Amino acid sequence: MDIVLRKWNRGDAPALSLLLDGIDRRYLSDRLPRPYTLTDGEQWLDMVLKQEGKAGIFRAVMVDGELAGSISVEQKSDVYRRDAEIGYLLAGGYWSKGIMTEAVRQMCAIAFRELDIIRITGLVYEPNAASRRVLEKNGFVPEGFMRNAITKDGSTYNLCIYGKQI
Ligand SMILES: CC(C)(COP(=O)(O)OP(=O)(O)OC[C@H]1O[C@@H](n2cnc3c(N)ncnc32)[C@H](O)[C@@H]1OP(=O)(O)O)[C@@H](O)C(=O)NCCC(=O)NCCS
């Protein structure tokens with residue numbers, strides 16, 4: 001299986017919109033538009049193309065040449081500026097094959113090389129065991145919880161804080 005992180009381009013909008021519209025949202029922010037339209041995809045790609053390499057790294061996760069997911073590391077500002085937050089998602093058909101573990105490995109190397117950061121933070125809703133495992137397999141250390149920080153679809157979850165140092 002060939003797992004490549006490649007830069008986004010504006011022509012990705014249709015495939016991106018399809019991917020995001022069908023994504024499992026159980027453990028994702030309610031800010032993600034639903035339905036996720038072509039216009040949503042175009043607007044997000046405009047933001048990405050402006051920010052890329054400056055305040056963040058954004059990549060399409062390509063598996064054997066197909067768009068399977070998305071991964072980003074976004075640098076924070078103010079006194080938090082040498083920290084950055086990682087985020088990722090993968091279409092359901094690609095789960096549990098080690099793909100995001102490999103994507104996070106590649107992404108951390110790129111982010112530590114290209115951004116002026118000394119740590120990467122991962123924030124995961126506690127029941128999202130697969131995501132926590134992906135971070136742990138990449139050397140992220142659990143640093144604590146924010147108790148009952150998340151309200152999602154009628155449920156309340158702790159937020160797990162993970163950190164990886166350069
Ligand atoms: C989280 C997500 C990115 C994981 O991607 P993935 O490519 O399937 O992850 P990997 O296959 O690399 O690793 C998953 C690990 O979690 C484990 N896992 C999967 N489901 C699990 C579960 N319900 N309970 C415990 N462990 C689980 C797998 O066994 C594997 O660990 P292992 O290698 O030790 O066996 C994917 O499920 C996803 O996109 N979910 C929806 C969006 C999302 O939640 N994004 C993260 C927000 S923080």
Side-chain angles (χ1 to χ4, degrees), residues 1-8 12 15-37 40-41 44-45 47-48 51 56-76 80 83-112 115 117 119-165:
M1 195 170 37
D2 184 36
I3 301 166
V4 173
L5 303 190
R6 76 146 167 81
K7 289 188 179 177
W8 292 101
D12 288 320
L16 171 70
S17 312
L18 273 180
L19 171 74
L20 271 289
D21 199 44
I23 207 72
D24 184 327
R25 294 157 184 268
R26 272 176 301 165
Y27 306 127
L28 295 177
S29 164
D30 286 340
R31 277 197 215 152
L32 192 68
R34 183 179 203 157
Y36 195 99
T37 65
D40 293 318
W44 186 79
L45 287 167
M47 182 281 293
V48 162
Q51 297 293 327
I57 308 287
F58 304 84
R59 293 289 183 273
V61 179
M62 305 299 294
V63 177
D64 295 333
E66 299 290 325
L67 178 65
S70 170
I71 185 166
S72 62
V73 170
E74 294 189 64
Q75 193 167 358
K76 300 184 185 182
Y80 307 105
D83 185 13
E85 187 174 330
I86 192 164
Y88 42 78
L89 48 82
L90 194 65
Y94 291 95
W95 287 11
S96 290
K97 300 174 198 287
I99 293 169
M100 198 51 78
T101 299
E102 170 59 16
V104 168
R105 188 191 68 74
Q106 292 184 27
M107 189 57 157
C108 289
I110 298 169
F112 280 132
L115 299 174
I117 55 173
R119 62 168 277 141
I120 299 175
T121 297
L123 301 175
V124 184
Y125 307 173
E126 191 173 20
N128 194 351
S131 183
R132 294 170 61 187
R133 189 81 192 108
V134 164
L135 293 179
E136 285 163 5
K137 285 191 287 177
N138 274 288
F140 281 75
V141 174
E143 296 179 332
F145 290 102
M146 289 173 69
R147 290 175 195 212
N148 292 336
I150 304 298
T151 299
K152 173 85 189 180
D153 297 336
S155 295
T156 302
Y157 304 132
N158 294 335
L159 181 68
C160 304
I161 303 167
Y162 284 85
K164 182 178 169 73
Q165 313 291 319

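These figures come from a predicted structure and were not determined experimentally. Both counts, for ligands and for their atoms, begin at 1 and track the order of listing.
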Just by modelled atom types, is the Met1 backbone N or O under 3.5 Å from a matching donor or acceptor in the Asp64 side chain? no
Atoms of ligand 1 less than 4.0 Å from Leu123 heavy atoms? 48 (S)
Using a 4.0 Å heavy-atom cut-off, which part of Leu90 comes near ligand 1: side chain, backbone, both, or neither? both
Go through ligand 1 atom by atom and flag the ones less than 4.0 Å from a non-hydrogen atom of Ser96. 6 (P), 8 (O), 11 (O)
Close side-chain approach of Val124 and Tyr27, heavy atoms under 4.5 Å: no
Atoms in ligand 1 with a heavy atom of Ser131 nearer than 4.0 Å: 1 (C), 46 (C), 48 (S)
Is the shortest N/O to N/O distance between Asp24 and ligand 1 below 3.5 Å? no
Just jot down the ligand 1 atoms closer than 4.0 angstrom to any heavy atom of Thr101, in number order. 10 (P), 12 (O), 13 (O)
For atom 20 (N) of ligand 1, the closest protein heavy atom turns out to be Ala130 CB, 3.7 Å
Given Met107, which partner from the list Val73, Val61, Ile120, Asn138 fulfils the side-chain contact (heavy atoms from CB on, under 4.5 Å) test? Val73
Beyond-backbone contact of Tyr125 with Leu159, side-chain heavy atoms, under 4.5 angstrom: yes
Keeping the roles fixed (side chain from Lys152, backbone from Arg25), state whether a donor-acceptor pair exists under 3.5 Å. yes
Of the backbone atoms (N, CA, C, O) and the side-chain heavy atoms from C-beta on, which set of Arg26 has a member under 4.0 Å from an atom of ligand 1: side chain, backbone, both, or neither? neither
Counting only non-hydrogen atoms of the protein, does one fall under 4.0 Å from atom 13 (O) of ligand 1? yes
Any heavy atom of Arg25 closer to ligand 1 than 4.0 angstrom? no
Min over Trp95, Tyr27, Tyr88 of heavy-atom distance to atom 38 (C) of ligand 1 lands on Trp95
Say whether Gly98, considering both its backbone and side-chain N or O atoms, lies within less than 3.5 Å of an N or O atom on ligand 1. yes
Hey, are the side chains of Leu67 and Leu18 touching, using non-hydrogen atoms and a 4.5 Å cut-off? no
May I ask whether atom 46 (C) of ligand 1 is less than 4.0 Å from at least one protein heavy atom? yes
Flag side-chain contact, heavy atom, 4.5 Å: Phe58 against Ser70: no
pair Leu5-Ile57: side-chain heavy atoms closer than 4.5 Å: no
Checking a contact table here: which protein heavy atom is nearest atom 24 (N) of ligand 1, and how many Å away? Ala129 CB, 3.3 Å
Does the protein place any heavy atom closer than 4.0 Å to atom 2 (C) of ligand 1? no
Of Arg133, Met100, Arg105, which has the heavy atom at the shortest distance from atom 7 (O) of ligand 1? Met100
Using a strict cut-off of less than 4.0 Å between a Lys/Arg side-chain nitrogen and an Asp/Glu carboxylate oxygen, indicate whether Arg26 and Asp153 qualify as a salt bridge. no
Should you measure from each heavy atom of Leu89, which atoms of ligand 1 turn up under 4.0 Å away? 39 (O), 42 (C)
Pairs of nitrogen or oxygen atoms closer than 3.5 Å, one from Asn128 and one from ligand 1: do any exist? yes
Taking only heavy atoms of Leu28, which atoms of ligand 1 are found under 4.0 Å from at least one of them? 42 (C), 43 (C), 45 (N), 47 (C)
